[in-house]
Every structure is written in C-alpha cells, then in structure tokens.
Amino acid sequence: MSQKTDRAKPSNEVDRVAFRDMCKAFADHEIRPRWEKADADKQFPMDFYRAAARAGLIGITATEEVGGAALGAYEEAIALEELAKANPNLAVSVLVQNVAGSILYEYGDAHHREIARRNIAGECLVAITITEPEAGNDIQNVSTSATRDGDEWVLDGIKSFITLGGDADILVTLAQTDPKAGRHGMRFFAIDRNTPGVQTSQIDTYVNRPAPTYRVMFNQARVPASCMLNAGFAEIMAGFNRERIMVAARWLGHMQTALEWGLEYARTRRQFGRAIGSNQSIAFALAQAHLDIEAARRLTYYAAERWDSGVPLQDVILDISTAKLHCTQAVVRVTQTVLHVAGGWGLTSELPAMRWALDALVAPVTVGSVEIQQRAIAKQLGLPVE
Ligand SMILES: Cc1cc2nc3c(=O)[nH]c(=O)nc-3n(C[C@H](O)[C@H](O)[C@H](O)COP(=O)(O)OP(=O)(O)OC[C@H]3O[C@@H](n4cnc5c(N)ncnc54)[C@H](O)[C@@H]3O)c2cc1C
C-alpha cells in the first residue's frame with residue numbers, strides 16, 4: 001500500500017458525514033443481525049462480504065480503474081470505526097480485503113488487477129498470508145520458499161494465523177524466492193487456494209471468531225510464474241502503516257460500543273438502593289474510559305489526515321504508531337472497565353461484556369504488537385533502540 005497523494009479525492013465535512021451515515025446504516029442492517037451466529041459458529045458469513053462489496057466498502061481507497069471508491073485513509077477509518085461499533089470481527093474481514101486487495105492492484109499486472117476488480121465487486125475473497133509459526137512479528141524471518149521451476153513457482157512452507165485463510169479464493173502470500181538475499185529475496189504471490197498442494201485448517205482462537213484464522217500449508221504447491229507480484233518485504237512494511245491506522249479505527253469503534261453499554265448499565269443497575277454509577281469509583285473509571293476514547297479518536301483521525309496529506313512516510317510513522325499503540329492498549333482498558341462494572345453478570349453469556357473484553361485481547365498483538373509500536377516510537381524520538 002503506497003502512500004499516493006493523487007489517490008484520495010478531496011473530501012469535505014458534508015461528504016464525510018454522509019459517508020459515516022451510510023456506514024452506520026450498513027452496520028445496522030448487515031452486521032448486527034449476523035455477528036452473534038457467526039461468532040457462535042466460528043464461521044465467516046460469505047454473504048456479508050458480498051453485501052460489503054455492494055455497499056462500496058471493499059476497495060475504499062482503490063483506484064476507480066479497478067472499481068474502487070478512490071477515497072482516502074480518513075474515509076477508510078470512518079468505515080472501520082462504524083463497522084467495528086457493530087462488531088470488530090466482521091469489520092476486520094473488510095480491513096483484510098482492503099489490505100490484501102491493495103497489494104494486488106498496486107503491485108500487480110493486468111491479471112492481478114483483474115483479481116482486485118473481482119475482489120472489490122464481491123466475487124473473490126482474499127486473505128493476507130504472511131505470518132508463520134516461527135515468524136510472527138519478525139517478518140524478515142519468513143521461510144516459506146518459492147522455487148522457480150520452468151514456467152512455475154513451487155511453494156513449500158506453513159503459514160499461521162491467516163484470517164479467512166480457509167474461506168478465501170486467493171491467498172496473497174509472502175514467500176522467500178532467494179534465501180541468500182534475506183528479506184530482499186521475498187516476494188508476494190497471488191495463489192488460488194484450490195491449487196493442489198495447498199491445505200488449510202482452522203485455528204481455534206478465542207478472538208476474531210466470525211472471521212476465523214487458519215493454518216495454511218503449502219506442500220509442493222505449483223503456481224504459474226505470473227502469480228508473482230512486484231512487491232516484497234519493503235512494500236509490506238510500508239503498507240503496514242496504513243493498515244495500522246485502520247486497526248486503530250477498528251478498536252476506536254469497539255471501545256465506544258463497550259463504553260456506551262457500560263454507561264447505561266451503571267445508570268440503571270441498582271445496589272444499596274442507588275445506581276452503581278453514583279459511586280465515584282465506578283463513575284470515575286467510566287470517565288477515564290471516555291478520556292481513552294477521545295484521545296483515540298483524535299490520534300486516529302490525525303494520523304489518517306496526515307497520511308492523506310501525502311507528507312513523506314517517514315514523517316507520519318510517529319503519528320501512526322502513536323495512534324495504534326494508544327488504541328490497542330486503550331481498548332483493553334476500556335473493555336476491562338466495562339466488564340468490571342458488569343459484575344458477576346458480566347461473566348455470563350447473558351451480557352455482552354465478556355465477549356467484548358475477549359475480542360479486545362487481540363488488539364495489542366497483531367499488525368505489529370504493542371512492543372513493536374513502542375520500538376517504532378522510540379526510534380522516531382531518536383533513541384538508539386535496535
Ligand atoms: C486473530 C489473529 C488474526 C491474525 N490475522 C493474520 C492475517 O490475516 N495474516 C497474517 O499474516 N497474520 C495474521 N496474524 C498474525 C499476527 O500478526 C501475529 O500473531 C503477530 O505478528 C504476532 O506474532 P506471534 O504470535 O508469533 O508473536 P511473537 O512475534 O512471537 O511475539 C511474542 C511476544 O514477544 C514480543 N516481541 C516480539 N519481538 C519483540 C521485540 N523485538 N521487542 C520486544 N518484544 C517483542 C511481542 O510483542 C509479543 O508480546 C493474526 C494473529 C491473530 C492472533
């Protein structure tokens with residue numbers, strides 16, 4: 001995902017309000033009625049992807065050439081926030097489409113752009129396939145190999161934690177084509193999941209259940225040479241930056257839903273003859289959660305605005321990592337506060353507080369963990385961290 005100044009259409013406040021209203025209405029109609037069943041079944045509802053595509057939420061920042069809306073990171077953040085308010089996990093399925101899709105149309109040829117076009121049209125689900133059992137945050141250690149054999153590449157290796165890996169039509173996969181070149185030898189491949197030698201198995205996580213994660217195994221999987229994209233390690237590291245703004249927006253949305261519910265519970269739940277929210281300890285904890293959310297909103301949209309303004313990537317990394325660090329830590333605090341406010345009933349499936357707290361636990365882990373963001377910030381502050 002490169003940062004191009006010409007990609008985002010100029011957008012005014014009126015457009016943004018209308019866009020937010022559209023996203024809200026979509027979340028009400030397409031997420032709220034679906035997410036609980038998808039969560040219980042641990043199965044991705046494919047019709048949700050098609051509905052998101054019809055609403056124009058796949059390829060928000062993609063060029064019009066591939067059917068995208070050619071909007072900016074700011075609008076993409078609005079979409080993620082509003083979708084995540086209804087459910088952060090169906091929201092992440094949209095995020096994954098927009099990240100994997102952008103690799104296809106930004107670094108691919110006509111064949112890849114056609115896959116991106118179909119993805120945006122709701123005809124081709126994609127997954128971003130990078131992480132391995134021994135290469136989590138340390139992506140430069142990816143060891144899945146791609147070996148050239150005539151007109152084909154032969155892939156061998158195991159990927160882990162691939163969101164929608166078993167549902168996707170196309171796996172946008174990072175592999176090592178030249179082990180001697182280290183991270184410079186890595187390339188992305190757009191691989192048909194039904195290729196012989198590609199197998200998937202679901203990983204039973206406590207989080208992200210409506211958009212499940214998979215192991216993806218490549219065992220002598222032969223793909224045409226044309227599957228290779230002109231993108232590798234450097235491009236994905238640059239692309240992670242926009243993705244981190246979207247991750248921040250996702251958790252901003254989730255926090256708000258949790259706090260809204262917690263406030264209502266604190267106003268209406270009575271103990272000792274009065275609302276529990278009349279106790280300062282409860283009220284102040286919720287006030288603190290409000291502070292976390294307001295800071296999250298300002299940091300997230302500031303980072304998105306800076307990204308869209310086209311300032312050099314180097315100058316926006318600090319804003320992005322700060323937003324992501326805050327949002328991914330704050331969502332855990334806020335949902336834990338709400339869980340505590342809900343008392344014993346919060347620990348039952350009769351109330352949503354536990355589900356929200358569980359969902360939030362993935363926030364500090366993915367797309368560059370809390371420690372990775374702290375390291376990025378420290379480097380930007382001129383500290384000599386490794
Ligand atoms: C639900 C879910 C969905 C996911 N979806 C996808 C997906 O669609 N595609 C994909 O490719 N990947 C995906 N991932 C992978 C995710 O991005 C990785 O889990 C993440 O990179 C962490 O990797 P790991 O679990 O191996 O942790 P590790 O990298 O082993 O880290 C373990 C701990 O060590 C810390 N640590 C590691 N290195 C350092 C360091 N240098 N300094 C300080 N601390 C450090 C980490 O912060 C963490 O606390 C998903 C993961 C989950 C859980």
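The figures that follow rest on heavy atoms only: side chains count, while hydrogens, waters and symmetry mates do not. First listed ligand is number 1; within each ligand, the first listed atom is number 1.
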query: atom 2 (C) of ligand 1: protein heavy atom closer than 4.0 Å?
result: yes
field: Ile128 N/O to ligand 1 N/O under 3.5 Å
entry: yes
query: Taking NZ, NE, NH1 and NH2 as the nitrogens, is one of them in Lys24 or Asp28 under 4.0 Å from a carboxylate oxygen of the other?
result: no
task: Indicate, with yes or no, if the rings of Tyr74 and Tyr301 have centres closer together than 6.0 Å.
output: yes
query: Counting only heavy atoms, which portion of Asn137 has something under 4.0 Å from ligand 1: side chain, backbone, both, or neither?
result: both
query: Val216 pairs by side-chain contact (heavy atoms from CB on, under 4.5 Å) with which of Val198, Thr144, Ile191?
result: Val198
message: Using modelled atom types and a 3.5 Å cut-off, is there a donor and acceptor pairing between side-chain atoms of Asn241 and backbone atoms of Arg244?
response: no
task: Identify whether the distance between the nearest side-chain nitrogen and carboxylate oxygen of Arg118 and Glu114 falls below 4.0 Å.
output: no
- request: Identify the protein heavy atom lying closest to atom 39 (C) of ligand 1, giving its residue, its atom name and the separation to 0.1 Å.
  value: Ile372 CD1, 4.2 Å
- request: Would you mind listing which atoms of ligand 1 come within a distance below 4.0 Å of any non-hydrogen atom of Val367?
  value: 17 (O)
task: Identify, by atom number and element, the atoms of ligand 1 in contact range of Ser369, meaning under 4.0 Å from any of its heavy atoms.
output: 46 (C), 47 (O)
- request: Go through Gln97 and Asn119 one step at a time and tell me if the side chain to side chain contact (heavy atoms under 4.5 Å, CB included) criterion holds.
  value: CA-CA 8 Å; Gln97 298 314 295; Asn119 170 247; 2.7 Å; yes
- prompt: If only atom types and distance count, is the side chain of Glu132 paired as donor or acceptor with the main-chain N or O of Glu134 below 3.5 Å?
  reply: no
task: Please identify which atoms of ligand 1 are closer than 4.0 Å to at least one heavy atom of Arg375.
output: 41 (N)
message: Check the orientation of Tyr265 and Trp261. Use parallel for under 30°, tilted for 30 to 60°, and perpendicular for over 60°.
response: parallel
message: Please check whether Ser160 reaches ligand 1 - meaning an N/O of the residue sits under 3.5 Å from an N/O of the ligand, judged on distance alone.
response: no
task: For ligand 1, find out whether one of its N or O atoms is nearer than 3.5 Å to an N or O atom of Thr163.
output: yes
message: Heavy atoms only, cut-off 4.0 Å: how does Val362 contact ligand 1, side chain, backbone, both, or neither?
response: side chain
field: For atom 24 (P) of ligand 1, the protein heavy atom that lies nearest, with its residue and separation
entry: Gly136 CA, 3.9 Å
- line: The protein heavy atom nearest to atom 52 (C) of ligand 1 is Thr366 CG2, 3.6 Å
- prompt: Shortest non-hydrogen contact from Thr300 to Ala248?
  reply: OG1-CB, 3.6 Å
query: Taking distance alone, with no angle check, do Ala135 and ligand 1 share an N/O pair under 3.5 Å?
result: no
message: If we count only non-hydrogen protein atoms and require a distance under 4.0 Å, does atom 33 (C) of ligand 1 qualify as touching the protein?
response: no
query: Salt bridge between Glu81 and Arg250, side-chain N to carboxylate O under 4.0 Å?
result: no
message: I'd like to know whether ligand 1 has Val96 as a neighbour, heavy-atom separation below 4.0 Å.
response: no
message: Quick one, Glu294 with Arg298, criterion salt bridge (charged side-chain N to carboxylate O under 4.0 Å, His left out). Give me CA distance, side-chain angles, the key distance, then yes/no.
response: CA-CA 6 Å; Glu294 286 309 307; Arg298 282 159 177 73; 2.7 Å; yes
query: Do Glu132 and ligand 1 have an N or O pair less than 3.5 Å apart?
result: no
query: Which residue and non-hydrogen atom of the protein lie closest to atom 42 (N) of ligand 1, and at what distance in Å?
result: Glu371 CB, 4.4 Å
query: With under 30° as parallel and over 60° as perpendicular, where do the rings of Trp153 and Phe189 fit, or are they tilted in between?
result: perpendicular
task: Give, for atom OH of Tyr214 and atom CZ of Arg193, the distance between the pair rounded to the nearest 0.5 Å.
output: 8.0 Å
query: Does the protein put a heavy atom under 4.0 Å from atom 28 (P) of ligand 1?
result: yes
- prompt: Is the closest basic N to carboxylate O distance between Arg16 and Glu305 below 4.0 Å?
  reply: yes
- prompt: Side chain, backbone, both or neither: which part of Asn208 has a heavy atom under 4.0 Å from ligand 1?
  reply: side chain
query: Starting from atom 4 (C) of ligand 1, which protein heavy atom do you reach first, and at what distance in Å?
result: Phe161 O, 3.1 Å
Options Val365, Asp138, Thr131, Ile139, ranked by nearest heavy atom to atom 10 (C) of ligand 1, top entry: Thr131
- request: Could you list the atoms of ligand 1 found under 4.0 angstrom from a heavy atom of Ile130?
  value: 11 (O)
query: Under 4.0 angstrom from atom 44 (N) of ligand 1, is there any protein heavy atom?
result: yes
field: Verify atom 14 (N) of ligand 1: protein non-hydrogen atom under 4.0 angstrom away
entry: yes
